[in-house]
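Report on the following structure.
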Amino acid sequence: MKLIDTHAHYCDSWFTAPETPEQPYEEILDGLFGEGGELEAIVNVATTPDNAVITIEQAKRWAGMYAAVGIHPCDCQLYADPVAELARLRPMLDAAKENKIVALGEIGLDYHYDDTDREKQRAVFAAQLEMAEEYDLPVILHSRDATGECVDMVRAHPNVRGVFHAYGGSAETAQELIARGWYLGLGGVITFPSAKRIRRVAAALPLDRILLETDCPYTAPEPFRGHRNHSGLISRTAEVLAELQNKEIEEIIAVTTANAKTFFEIL
């Protein structure tokens, strides 16, 4: 059984820019998916309609890579009318199987910055939840400094299934989301010794509701923090989760991989 990285951004310029000094991402993925490679699958997540095109192209190159398309809350500011921009996703979603699209994402709310246009973010988030219902796709939800409102939106759309990416909420909120059939994404942050609260939450979460992720090229796990992250480092997050839950690493890999296959329907 191999690991699945349920949240990566290989469309990000840190991977795609020709002047990047690191190992070309194509070489990394060829190794991870090749004979003896560590990964079974990667979900490659877009943040705008423009890089959704790149994400789909990359997913088609590797048999084990899949795509998610959507508008990230922080990218709403790029558009005068981001709700109207969602129309650009429809041709991609209409051909979801051909394009290997398995989710709508990354969507949600991000109130970290003071100049955020919250109304614009809410409108785009609600419209994408409605699209998820229309296309019968799960969502990959981003929440930063907005957990309460994101959960309210989940409650308002009970037919939408999803995963809270990079979960950082409370144990109580996790229980409600799990009761609603949602999954929780855990990544490199749980390897940070300073992240005491989320490490406690991760230790107590039911394993059958956890999806492992990297969010690469960001949030590299310890001891690689500060460097470009990639999907091969997800094994470090799996090791730490095994330590936190007092389980064997083989069980962590088997259950989280099965979770990802079920959630994204990539059985």
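Basis for what follows: all heavy atoms, side chains included, without hydrogens, waters or symmetry-related copies.
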Thr47 vs Asn51, test: side chain to side chain donor-acceptor pair (under 3.5 Å). Steps then yes/no.
CA-CA 7 Å; Thr47 58; Asn51 63 36; 2.8 Å; yes
Distance-only, no hydrogens or angles: does the Arg118 side chain make a donor-acceptor pair with backbone N or O of Asp110 under 3.5 Å?
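No, because the side chain of Arg118 does not come within donor-acceptor range (under 3.5 Å) of the backbone of Asp110.
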Using the salt bridge (Lys or Arg N to Asp or Glu O under 4.0 Å) criterion, which residues pair with [X]? Sequence neighbours excluded.
{"X": "Arg200", "result": "none"}
{"X": "Lys247", "result": "none"}
{"X": "Glu119", "result": "Arg122"}

Under 4.0 Å between a Lys/Arg side-chain N and an Asp/Glu carboxylate O for [X] and [Y]?
{"X": "Lys120", "Y": "Asp81", "result": "no"}
{"X": "Lys97", "Y": "Glu265", "result": "no"}
{"X": "Glu57", "Y": "Lys60", "result": "no"}

Mind running salt bridge (charged side-chain N to carboxylate O under 4.0 Å, His left out) on Glu243 and Arg199 for me, showing each step along the way?
CA-CA 10 Å; Glu243 294 168 6; Arg199 284 164 64 92; 5.9 Å; no
Partner set under side chain to side chain donor-acceptor pair (under 3.5 Å) for Trp62, not counting sequence neighbours:
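Here the qualifying residues are Asp30.
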Show your working on side chain to side chain contact (heavy atoms under 4.5 Å, CB included) between Asp215 and Asn229 and close with a plain yes or no.
CA-CA 8 Å; Asp215 200 20; Asn229 197 5; 5.7 Å; no
Please go through Val163's hydrophobic cluster and name the other residues, only I, L, V, M, F, W, Y counting, with side-chain heavy atoms under 4.5 Å joining them.
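Same cluster as Val163: Ile4, Val43, Val45, Tyr66, Val102, Ile140, Tyr183, Leu211, Phe263, Phe264, Ile266.
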Crowding at CG, Asp114 (>12 non-hydrogen neighbours, <6.0 Å)
no
Which residues satisfy the ring-ring contact (aromatic ring centres under 6.0 Å, His included) test with His7, sequence neighbours excluded?
His9, His165
